[in-house]
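Throughout, protein chains are lettered first and strands after them, A, B, ... in sequence-line order, and every chain is numbered starting at 1. These values consider heavy atoms only, across backbone and side chains, with no hydrogens, waters or symmetry-generated copies.
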Amino acid sequence: MSDFIDLVLLAMLALTGLRIIFLKDLFAVVMLFGIYSFLTALIFINLDAVDVAFTEAAVGAGISSVLMLGTLALTGREEKESSHSSILPLIVVFITGAALIYGTLDMEPFGNPDNPIHKHVAPRYIEDSPKEIGLPNMVTSVLASYRGFDTLGEVVVVFAALIAVLSLLGVPKEGQEKAPASGLKSHQVLRVVAKLIISPIILFALYVQFHGDFGPGGGFQAGVIAAAALILYALVFGLPNAVAVIGPRFLKFMAAAGVLLYASVGFFSMYKGGNFLDYNKLAADPVAGQHYGILIIELGVGITVFAVMLNIYYAFGNQVERSNIQ
Amino acid sequence: MLLLLDIISGILLVTGVFFGLSGAVGVFKLPNFFTRVHAASVTDSIAVILIVSGLVLQTPLGINIAKLLFILVFLLITSPTASHALAKSARHGGLLTMSELEKGDQEEKAPK
Amino acid sequence: MTALYAVVCIAILLVMAIALARAFYAPTVYDRILGVNMFGTKTVLFIAVVGYLMGRPDFLDIAIVYALINFIGMVAVLRFFEYTAPVD
Amino acid sequence: MNFILDHYNYWIVVFLMMTGFYIVITANNLVKKIVGLNVFQTSVFILYISEAKVSGGTAPIVTEGATLYSNPLPHVLILTAIVVGVAVTAVGLALIVRIKRAYGTVEENEFKKMDDAI
C-alpha cells in the first residue's frame with residue numbers, strides 16, 4: 001500500500017513539474033509551485049520523514065509561496081515569449097538526464113534494509129540516542145546534539161540571509177502615524193475569522209516548539225508557524241498594524257539574540273569543562289544536561305527563525321505597499 | 001461494542017469519501033464558476049465532518065482526539081471562509097452569475 | 001479496518017488528482033485557486049487517514065499545519081488580487 | 001517489475017531534476033528561474049529521503065513495538081537544507097525586486113540588452 005501511494009504521489013509530482021514548464025502565467029506557476037511543495041511533503045510523510053514533511057509544509061509551501069506572490073505583485077504576472085531556441089537546452093537536458101538514469105541503475109534497491117547507507121552511523125544513532133539523550137525523537141537528538149555545531153551553522157546562514165535581504169530592500173519605517181490603511185478591508189468575514197484563529201496558531205506554534213522532543217516538530221517549524229500567524233495578521237489587517245505589534249527593529253534584535261543564545265550554550269559548556277556544545281556538562285546528570293541543552297538551543301533556533309521569516313516578509317510587504325501608493 | 005463502532009465509523013468514512021468524490025465531479029462538470037465553488041465548498045465541509053468523526057470513533061481517548069477535533073473545527077471555520085472570500089473576490093473581479101448571463105445574453109468574459 | 005482505510009486513501013487520492021487536473025487546466029484564474037484550495041483540504045484528510053493506515057496516528061500535527069498554511073496561502077492570493085486586478 | 005519498483009523513486013528524481021534544470025536554462029523571466037531552482041532543489045531532497053527509507057520500517061520516533069526505524073541522518077540534513085533553501089530563495093527574490101527597480105524589467109534578455117547598450 002505504501003508503495004502504491006508512493007507511485008501515485010510521485011506521478012502527480014512529475015506531472016506538476018511538467019505543467020510548470022509550459023505555463024506562461026506566472027501567477028499560475030506560483031500556485032502550482034505551492035501544490036508541488038504540498039505533494040513533496042506528502043511524499044516525505046509516506047517515506048517516514050515526518051519532521052522533514054513538517055518543515056516542507058510550513059516553510060516550502062507557506063513562506064516561499066507568500067514571498068513569490070509578493071515579488072509577482074512588484075514585477076508583473078506575464079512571462080514574455082522566450083527568445084531562445086529550445087533545441088539546444090533540450091539536447092543538454094536529455095543527455096544529462098540519460099547519464100543520470102544510467103547512474104541510477106547501479107544504485108541499491110529502494111528501501112532495502114541492507115543498503116550501505118543504513119550500515120554506518122545510523123545504527124549508532126538509532127540504538128544509542130534514546131539512551132544517551134533520553135528523547136524519543138531521534139531526528140531532534142541528531143539535529144540538536146550530535147550535529148549541534150552543524151545546526152548552529154545553519155542558523156547563522158538563516159541570519160545572514162536576513163542581513164542580505166534587509167540590505168537589498170530596506171526596512172519599513174516604524175511609528176508612522178499617517179500610514180495608509182491597507183489590508184483586506186472589504187472582506188468582513190475574513191477579518192473576523194482571522195481574529196479568531198490567530199491566537200490558536202500561536203498556541204500551536206508553542207506546542208510544536210516544546211513538543212518537538214517527543215513528536216515531529218522543533219525550533220525551525222515552530223518559528224515558521226509563529227511567523228505565519230503574524231503574516232496572516234499583516235495580510236488581513238495591513239502591514240502598519242502588524243509593524244505596530246512587533247517592529248522590524250525589535251525583530252532584528254530577536255534574530256541576533258537567538259543565534260547568541262545558541263552560541264552561548266556552547267561557550268557555557270566550554271566554561272563547564274567540556275567541548276563546544278557538549279551538553280553533558282550542563283548538569284550533574286548527563287541525560288538531564290542533554291535535556292537542558294536541547295531545550296535552550298531549540299528555543300534559540302525558534303526565536304531566530306521566527307524573527308528572520310517575519311522580517312523578510314516585512315521587507316517584501318513594505319516594497320509592495322510602497323509601489324502600490326505610487 | 002467494538003464491532004458496532006467499526007461499522008459506524010466505516011459508514012461515516014465511506015459516505016464522507018462519497019461526498020468528496022461528488023464534489024470533485026461537480027468541480028469539473030458544473031457550467032459556471034459560482035456553481036463550481038458551491039460544489040467544492042459544500043462537499044468539502046461535509047466530507048471533513050464525516051471523515052474526521054469516523055476517525056474519532058477509532059481513536060482511544062487522548063491527545064489524538066483533541067488534535068482531530070482541532071482539525072475539524074479549524075477546517076470548518078477556515079474552509080467556508082476561504083470559499084466565501086474567493087467567490088466574493090471573483091464577483092468583484094467581474095465574473096457574472098448564471099442568471100445575469102442569461103439576462104444580458106452575453107458570453108462569460110473570463111479572465112484567463 | 002486497514003482495508004477500509006486503504007480504500008478511503010485511494011478515493012481521496014482520486015479526488016486530489018481531479019483537483020490537480022482542475023488546477024492544471026482552469027477556464028478562469030479563480031477556478032485554479034479553487035482547485036488549489038480543494039487540493040489542500042483533501043490533503044489534510046489524506047494525512048489524517050494515512051496516519052491510521054500506517055498505524056501511527058500521532059502525526060496529526062502535520063495535518064494541522066497543512067490546514068493552516070492552506071488558509072494563509074489563500075489569504076495571500078486574495079491579497080495579491082487587491083494589487084493586480086485579474087481582469088484584463 | 002521489481003527492477004522498476006526498486007528504481008522508480010530515483011527515476012522520478014532525475015526527471016524532476018531535469019525539469020528544474022530545463023526551466024533554469026530556458027526561462028527568461030527571473031521569477032520562473034527561481035521556481036525552477038526550487039524544483040531542482042526539491043528533487044535532491046526527495047533523493048535523500050528515498051535513500052533513508054527502510055521497507056517495513058517506521059518514522060524515527062521511538063514507539064512501543066517497533067524495532068525497524070528509517071535512517072534519521074538524511075532527515076536531519078534535509079530539514080536544515082529546506083530552511084536554508086527558503087532563506088536563499090528570499091535573497092534571490094530580493095535581488096529580483098532590485099533588478100526590477102533598476103532596469104524596469106525582469107526578463108533576462110531585456111536587461112542584458114540594456115547592459116550591452118551602455
In this structure, OG of B:Ser9 is separated from CG of C:Leu4 (nearest 0.5 Å) by 7.0 Å

So for atom CZ, which belongs to C:Phe24, do other residues, nucleotides or ligands contribute more than 12 heavy atoms lying within a distance under 6.0 Å? yes

Tell me, for B:Phe70 versus chain C, whether the close heavy atoms (under 4.5 Å) come from the side chain, the backbone, both or neither. side chain

What is the minimum heavy-atom distance between B:Leu21 and C:Ala11, and which atoms define it? CD2-O, 4.3 Å

Residue selection (most heavy-atom pairs with chain C, distance under 4.5 Å) from B:Thr43, B:Val25, B:Val52, B:Val37: B:Val37

So for C:Ala19, is it side chain, backbone, both, or neither that comes closer than 4.5 Å to the heavy atoms of chain B? neither

Under 3.5 Å, side chain of B:Arg36 to main-chain N/O of C:Asp31, donor-acceptor pair present? no

Is chain B contacted by the side chain of C:Leu34, its backbone, both, or neither, given a heavy-atom distance below 4.5 Å? both

Given a strict heavy-atom distance threshold of 4.5 Å, which part of C:Leu60 is in contact with chain B: side chain, backbone, both, or neither? both

Run the side-chain contact (heavy atoms from CB on, under 4.5 Å) check on C:Asn37 and B:Leu86 step by step: do they pass? CA-CA 10 Å; C:Asn37 190 32; B:Leu86 177 63; 5.7 Å; no

Hey, does C:Lys42 have a side-chain heavy atom less than 4.5 Å from the side chain of B:Asp44? yes

Would a 4.5 Å heavy-atom cut-off, applied to side chains only, mark C:Tyr5 and B:Gln58 as touching? yes

For C:Met38 against B:Ala40, the heavy-atom pair lying closest together: SD-CB, 4.0 Å

So which of B:Leu75, B:Thr81, B:Ile63 has the largest heavy-atom pair count under 4.5 angstrom toward chain C? B:Leu75

Check whether C:Met74 gets within reach of chain B through its side chain, its backbone, both or neither, counting any heavy atom under 4.5 Å. side chain

Does atom NE2 of B:His38 have more than 12 heavy-atom neighbours from other groups under 6.0 Å away? no

Ranked by heavy-atom pairs below 4.5 Å to chain C, first place among B:Thr78, B:Leu68, B:Ile51 goes to B:Thr78

Counting C-beta onward and ignoring hydrogens, is there a side-chain heavy-atom pair between C:Ile18 and B:Val27 closer than 4.5 Å? no

Structural part of C:Ala21 lying under 4.5 Å from a heavy atom of chain B: both

Please flag which part of C:Val44 lies under 4.5 Å from any non-hydrogen atom of chain B: side chain, backbone, both or neither. side chain

What part of C:Val77 is in contact with chain B, defined as an atom under 4.5 angstrom from a non-hydrogen atom: side chain, backbone, both or neither? neither

By a 4.5 Å heavy-atom criterion (distance strictly below it), what part of B:Leu55 contacts chain C: side chain, backbone, both, or neither? both

When the ring planes of C:Phe71 and B:Phe74 are compared, do they come out parallel, tilted or perpendicular, using 30° and 60° as the limits? perpendicular

